[in-house]
Every structure is written in structure tokens, then in C-alpha cells.
Amino acid sequence: MSAIEERFGPYGGRYVPETLIAALDELTAAWIEAREDADFVARLELLRRDFIGRPTPLYLAQRLSERVGSKVYLKREDLAHTGAHKINNALGQALLAERMGKPRVIAETGAGQHGVATATACALLGLECVVYMGTEDIRRQAPNVERMRLLGAEVAPVEAGARTLKEAVSAAIRDWVANVETTHYVIGSAVGPAPYPALVRDLQRVIGEEAREQSLAAEGALPARVIACVGGGSNAIGIFSPFVADAEVALIGVEAAGEGLDTLRHGASLGAGSTGVLHGSLSAVLADEEGQILEAHSVSAGLDYPGVGPEHAQLRDTGRATYVSISDRQALAAFGRLSRLEGIIPALESSHAIAWLLENPGESGFDVLCLSGRGDKDLAEYLEQTGKGAGG
Amino acid sequence: MTPLSNSGEAPGSHPPAPVTAVPTTGEERIAGAFREAREEGRAALMPYMMAGFPDRESSLAVAAAYVDSGADLIELGVPFSDPLADGPTIHDAATKALEAGATLATTLEVCRSVSERIPVVLMIYANMVFAHGGAAEFARLARAAGAAGAIIPDLPLGEAEDVREAFAAAGLALVPLVAPTTPPERRARICAVARGFVYVVSTVGTTGERAEVPASLAELVAATKADAVTPVAVGFGIGTAAQAAEVGRIADGVIVGSRLVRATAGAGSPQAAADAVAGFLSEARVALAE
């Protein structure tokens, strides 16, 4: 049996109340066992194929490529069931909850995509599901709230703080502390106490494994660059991970610059944060000099988070990956541009990666960009932010 | 109140301690407080309070009221933005304290105001320790304010080793927590490295008042006492004098938190906040002695 990383260099760890330690140990043991159990792996693979619709296509975006001036493939996670990469993790963890005999599942959600994915996986497996969501996000993402309820989940509104993702994660952790014996917490990104960052990475790694194979099949070569947006960083770590050993492939993570890195209104933990503890792991965080965690800001609810997965902090420090950032305004423009160029409405999260690519054409070979989700959920926000109709 | 501690040693055996040095280690002060209570035939009473809540002046008044109303030790909460181990009452208090401008300096001021009269144990989240220069620098700041110990609720065994050593070097006791979910073998390891006392979390959950003390608590406390060489105190969910007395019959110390924080929440002035906690505390102290 192989171990699961508890630390990524100095980052990671388990900075949580003692009450949760036994459950984290149980989860670690369950995942090590499950991922080497042929029956579990076969069931996960079958559901990935027939329920999620994997492999998702690696799509050569012709008109986008012409616009950028270099060849771009989109890894189409927007075509995964429920419309984003989140289902890869939620389904895997729900299967794990079932295997551990935990009848109740909780989750947090920002944009609503992870909440919908978890509600979907719980409906599939007949598990009770409670999703914590900040009331500001409930306002921004109303259709996803209705989806979760339709799928049988309870959406628990969180009023604390800025009423967004950070407070939803805290509320979910508090629920878990109180109900740990019957409940599994399906964390939505590659964050949290060990083993979550590694567990979520393992479950999202399928994105990169497929993209790597598909690149070789289409081009007979590996991409020059792999580009993904980074909030907590699960789609990014999923697509980066199988390429980390390929030194010639540049890995580019795109964070939310919000209203600018020189303001306090952004979500760029890696680019403009400091080292600290948030939600159970040591990583890059947005905090003041007192150690109080700051509110993040991004037009995209999924990047509106003041922390990031610990493995990204390590990839940044070692220089293996490069982290850049894109403002709200640039992301909104890219949202419109990809819609009209390719007939694909991208999630506002993924629009950050598109925006960076539009300004930074490749110099050789081809690029792979993780289109982590579809943007239908963001239409109302787009119209409100741009102050006019989509045709404007 | 405590004499300078080198009185029992041969003069000149080591360089004289600076006159500003705290006379005894935090561990010794904590042990002394538990011992005094035990000699009176009761468990030690350790009320919790949030520094800077509802405002700086009120929290100074509450700390003084704790000392005057029979507290043996004080657990002093440091307001933090994301207190994962706390329920709604203490979470709200932290948020309001921060909104009122509380910083670590506010906490240390409250600590300093009573630390000559009573051992103070800080309750602080890990990120704030790291943000203030790391464990050694934080321990220096805490000791300079007279703190005897610290509880870091999100620094479990496995993450705590460096911090514990740095604290010990400065004479600050790192008090660990044991939960109902902690396996026996792990509990023994936690107790083996405990400084000051072992904090037993009474129920599976966050801080906050509960209708009753769980039936399984007696067994957990007895097992922890068997593992520990330090005193064993119980917290989380103790909100009435009767519950304090019930827990006091099995544990060396009783921690009351949310109930007292709630009492200060509605107080309109420092004096009102002090009065609000003094009544409950006196009642709990009497109940513990019965």
C-alpha cells in the first residue's frame, strides 16, 4: 500500500480540531484501500464513462486558435455531467462515503457547481446530502440552488462573514466536527486537512491523464503549455499532475486578480498572499499582519476564496508551475469572446484562463487549456456586471 | 504574589535572572492553581472569555470580575476570523471583537491586567501564532504579558511538536485537547506530552451550551486521568452551575465558555458585563464546593 502525502514540502498538514483526527485517519485508510481495490476502481471507471460521460473531448478550438495566433486545445470538462469537473471528485468521494458506511454527506459550495455535483452523486447512491452555501452566493447562483433542491439535497444558508465560499467551508467543517461519526465531508477542492488535497488530486487527475493521452494521439507530442484557472485549485492540480514529470511542459495557473492585486479585492493567494493556515492546511492565504483571514473577491464565485491547495504552493515555490492572475474585467471580456468565437459559454472561472491565453499566445507547439465548466450559471452575473445584454 | 523563584537555589550558581523575568514557569503556576482547588476539596473553575468582547473595556472588567468571583484560572480567547472549533456564540463574539478593533495586543493587555493574580491560559488559533513571528516569538510575547499557557485548538498532536518545544523553552505550557473520538493509543500519547493540563472536549462538536452532560464523559475523563500526569479539565457544553458541579465530581477542572460569553453579549457597559458574569461564576463556585 502506498502512502498519501500529508505534506507538500512545508505545506499541507492537518490543522483541525482533535475531534476530526480519527475521521481523517479513517478517510486516509479508506482511500488507500479503495484505490487499490479492483472492484472499487472498476465501479468508479464505469460510472465515469456512463454517468459522467468521460473521457471528455480534447477539442481543437480553431477560431480561438486563429484569434490567439497559436494552436489551442480545450479540455472540455464543461461537457462532463452537471457541467463542470467537480463531478469527478464528488462522485469518487460519494462512493468512498458509501464504502465507509457513512449515510450522510455534507459539502460546501461557492459557485454551486460542487454542490450540484455532490447532490447528484448523493442522488445516484441514495445518500443524505446537506450543502452549505453563503447567502451572497445563493443570490448569485440561484439556478444551482434550485438544482440541488431538485436533486434532493438540503441547501443550508450561511450568514457569517461575507456570506461566500470561505464561510461555507467553515460551516461545513463545524457540521463535520459535530456529526463526524455518521457523516462524510465531501470537500470541493484540493484544499483542507490531509488527506483531502491528495484525495481530491487523485480523483481529478483523470483530467490530466486523458489530456496527456489525447495530446499524444492528436499531435504526437506533449503540449507546450497547460493552462488552468486556480481558486482552491482542483481542476488545475487535476490537469497539471500527470504533466509534472514532463519538464518541457509549462504549467500555468491563473488566479483571480478581481479588481486588481494592488487593491484588497482579489483572490490571488499564490500571487499576492502569505503563508498561513486556513481550513486545515498550511498554504498560501490572504491574511492581514495579525493573522486574520481576509475576504477574497472575484466576479466568479468559484475563485472567490482566500486560500489555495497546498500542492500549488509547493509547485509555485519549486518553480515547476507559474501562477498569474486575471482581473474581473478581463475575465468578463473573455467570457463573451469565447462564447462568440467557439459557441461555447465558459464558466467565469475558466474565463480567467481564456483571458490569460488571449493575451499570451504560445510561441511553439500547442497549448491545452482546461475549460473547467460551462457558463450558463454565470449568465445573470455577466449581464449584471456588463450592464447590458449579451449582444452588446 | 509569587516570590522570585531562585530563592531556594544556591546564590551564584547561575547568572542572575533579569528582574523582569516571570518568577515561575506557566506550567508551575497552572499546577499550583489546580493544587489549591484540590486542597479545598473541589475542582478548579476556569471561566472562558473573549478578549475585546463586546469591547476592550468590558473585557478588562470581565477578567477582573472572574478573579474576584472565584475563578482559579482564566481561559482567554484570542479573537480570530475563522474559529473552526467554536460554535455560534463564541464565533459571533470573535467577529464582534474584531469589528470593535481587537488585536492580539488587546488580548495581551487583558492578560496582563490579571496575570499577577491568576494563571491565564490563552486560546488562540494556529494561524495567529504563525502570523506573530512563529511559536518562539509568540511565546515570548505571551510570557511578557504573564500568560501561563496556551491552547491551540487547531494544532493537534502531529502538528504541535515544534510549537510545544518553543513554548516550553519560554515557560509557556501548551495544553493539548483530547476528544471523545480520540483513540486510546493516541490519547495516551497526547497525555504524555501535555503541559499544564489536559483539556477534555466533553462532546463531539464545537463549543456551545448543551442540555446535558453526555453519559460517556465519566469514562472518558477517568481514562484520560489514568493516562495523564497533569490535571484533567473538561470543557465544551457546560452551561449551568449544576452541570459544572456534575463535571467537577469527575474532573480536576471545569471550563465554562459560551454561557458566560452569552451573558456579556447583552451587557450595555463594562460594569454590566462584569455583573453579568459574576453572578453565574459565584454560583458555579459554590456548586463545585458542595
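The figures that follow rest on heavy atoms only: side chains count, while hydrogens, waters and symmetry mates do not. Residue numbers begin at 1 in each chain, while the letters A, B, ... track the order of the sequences.
- Residue B:P176 does not touch chain A at all, counting heavy-atom pairs closer than 4.5 Å.
- For a residue to count as touching a neighbouring chain, one of its non-hydrogen atoms must lie under 4.5 Å from one of that chain's; by this rule B:D92 does not touch chain A.
- Atom CG of B:L104 sits about 9.5 Å away from atom CD of A:Q292, to the nearest 0.5 Å.
- Side-chain contact between B:V178 and A:E18: absent, with no pair of heavy atoms (C-beta onward) separated by less than 4.5 Å.
- Only the side chain of A:A160 comes within contact range of chain B, with heavy atoms under 4.5 Å apart.
- Residue contact with chain A, scored on non-hydrogen atoms closer than 4.5 Å, involves the side chain of B:I190 exclusively.
- Taking CD from A:E289 and OG1 from B:T103, the interatomic distance works out to 10.0 Å, rounded to the nearest 0.5 Å.
- Using non-hydrogen atoms only and a strict 4.5 Å limit, no part of residues 209-223 of chain B faces chain A.
- Between B:V204 and A:E181 the shortest heavy-atom distance is CG2-OE1, 3.9 Å.
- Only the side chain of A:A287 has a heavy atom closer than 4.5 Å to any heavy atom of chain B.
- Using a distance-only test at 3.5 Å, with no hydrogens or angles considered, no donor-acceptor pair links the side chain of A:R174 to the main chain of B:A85.
- Contact annotation: the side chain of B:L177 never approaches that of A:P17 to less than 4.5 Å [non-hydrogen atoms, C-beta and beyond].
- Within residues 162-169 of chain B, no residue approaches chain A closer than 4.5 Å by heavy atoms.
- Contact residues of residues 124-136 of chain B toward chain A are B:A126, B:N127, B:M128, B:F130, B:A131, B:H132 (heavy-atom distance under 4.5 Å).
- One finds the CG atom of B:L84 at 14.0 Å from the OH atom of A:Y15 (value rounded to the nearest 0.5 Å).
- Across all non-hydrogen atoms, the minimal contact from B:D154 to A:V277 is OD2-CG1, 4.3 Å.
- Using a 4.0 Å cut-off between charged side-chain N and carboxylate O, B:E159 and A:R7 make a salt bridge.
- Legend: residues meeting side-chain hydrogen bond (donor to acceptor under 3.5 Å, both in side chains) with A:N89, ordered by chain and number and at least two apart, are A:Q93.
- Here the side chains of B:T181 and A:V180 are in contact, with some heavy-atom distance below 4.5 Å.
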Apply side-chain contact (heavy atoms from CB on, under 4.5 Å) to B:L98 and A:E290, showing your working.
CA-CA 11 Å; B:L98 292 171; A:E290 277 281 306; over 6 Å; no

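- Nearest heavy-atom pair, B:G205 versus A:T19, reported as atom, atom and distance to 0.1 Å: N-CG2, 4.5 Å.
- Ranked by heavy-atom pairs shorter than 4.5 Å toward chain A, the options B:A179, B:P156, B:P79, B:P183 are led by B:P156.
- In A:L264, the CG atom is not crowded: 12 or fewer heavy atoms of neighbouring residues, nucleotides or ligands sit closer than 6.0 Å.
- Of the two parts of A:I293, the backbone and the side chain both hold a non-hydrogen atom closer than 4.5 Å to a non-hydrogen atom of chain B.
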